[in-house]
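These notes concern the structure reproduced below.
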Amino acid sequence: MTDDTMKPRRPSGPLAAPGRIKEIASVSNPIVKDIRALAQKRHRDETGLFLVEGLKLVLDGIEAGWELKTLVVSKAALQGGSDILTRAVSRAVGFGADVVEASAKVLEAIARRDNPQSAIGVFKRQLTLLARVRIEPGEVAVALDRVRDPGNLGTILRTADATGAKAVVLVGDCVDPFAIETVRATMGSIFAVPVVKAREAEFLEWRSGFAGTIVGTHMAGAVDFREPDYAKAATLLFMGNEQAGLSDQMAGACDVLVRIPQAGRADSLNLAVATGVMLFEARRGALSL
Ligand code: SAM
């Protein structure tokens, strides 16, 4: 990964040039058009930007040190005297982000839904290099083979965050982690869990130098998922594609293939559910109330 692979960094507060505030009422305004275009992967790739809906999530992103480029806020909510929104606007301007005070129509057009949130942030995306992923004994990371569903990926990122996983590695042709549906489903965890994109060959090369255990999950796995000693080794949980499961090549790269026993008629578990079951089992020793 290139330009958008970097450590989280906060724009340099007082040193940053203050952002500008603009009022926009028309959906045909070029700034609105550019922001709306971020619904398409091509535009996210070209600009390195993505959308985050909701003030809480925008504030989470700022807190985590991600670079906010533009904050779009509801002019009506600002005029209604929302303190939290007013503070967010000054904070965004202080960090050098532009602020758009938008009409309801503009917010609806950007969010592509009725009753949108009163704030939408445009952030610079961040990815982590595979070489930077460090998993110590007792720790866990997740790899996903060609995950296709944005809701699944978002839910997995949220669960990885909740269980203290060190990273989520997207292997092969995966859905974009910065798609709006994915970001929505992460509920803010997009800012908390390092995300890595790797081609199959790159992953296999990294795998050859990985000292821990790769635990693949497979419908034909011969080992019960509770059997491996997750507390002892560094573990990479490897989950398969929603339709096809792990490819033969990726299954062959695993140290062990485990299965979650099932009752009833379902062929398999949903990918995000299976990942949740695996993560909580692998982190059982580390998590307590
Ligand atoms: N038809 C696919 C197959 O046969 O592999 C089903 C894929 S399943 C919907 C998606 C992924 O969730 C699987 O590749 C595996 O990683 C995980 N998974 C779902 N149910 C599982 C189970 N009972 N045991 C182990 N892994 C499971």
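Counting starts at 1 for both ligands and their atoms, following the listed order. We use all heavy atoms of the structure for the numbers below, so side chains are in, but hydrogens, waters and symmetry mates are not. Computed from a predicted model, the values in this text were never measured in an experiment.
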Solution key, residues 263-271 side-chain donor-acceptor pairs under 3.5 Å, sequence neighbours excluded:
from: Asn270; atom 1: OD1; to: Ala272; atom 2: N; distance (Å): 2.8
from: Asn270; atom 1: OD1; to: Val273; atom 2: N; distance (Å): 3.0
from: Asn270; atom 1: ND2; to: Asn152; atom 2: OD1; distance (Å): 3.2

What are the distances between nitrogen or oxygen atoms of ligand 1 and protein nitrogen or oxygen atoms, counting only those under 3.5 Å?
from: ligand 1; atom 1: 1 (N); to: Gln243; atom 2: O; distance (Å): 3.1
from: ligand 1; atom 1: 14 (O); to: Gly240; atom 2: N; distance (Å): 3.3
from: ligand 1; atom 1: 16 (O); to: Thr217; atom 2: O; distance (Å): 3.4
from: ligand 1; atom 1: 16 (O); to: Thr217; atom 2: OG1; distance (Å): 2.6
from: ligand 1; atom 1: 16 (O); to: Gly240; atom 2: N; distance (Å): 2.9
from: ligand 1; atom 1: 20 (N); to: Leu269; atom 2: N; distance (Å): 3.0
from: ligand 1; atom 1: 23 (N); to: Ile260; atom 2: O; distance (Å): 2.9
from: ligand 1; atom 1: 23 (N); to: Gln262; atom 2: OE1; distance (Å): 2.7
from: ligand 1; atom 1: 24 (N); to: Ile260; atom 2: N; distance (Å): 2.9

Can we call the ring centroids of Phe191 and Trp66 under 6.0 Å apart? yes
Interatomic spacing from CD1 in Ile214 to CE in Met250 - rounded to 0.5 Å: 9.5 Å
Considering all heavy atoms of both residues, which atom of Phe225 and which atom of Tyr230 are nearest to each other, and what is their separation? O-OH, 2.7 Å
Aromatic contact, Phe203 with Phe238 (centres under 6.0 Å): yes
Can you check whether Glu108's main-chain N or O pairs, donor with acceptor, with Arg113's side chain at less than 3.5 Å? no
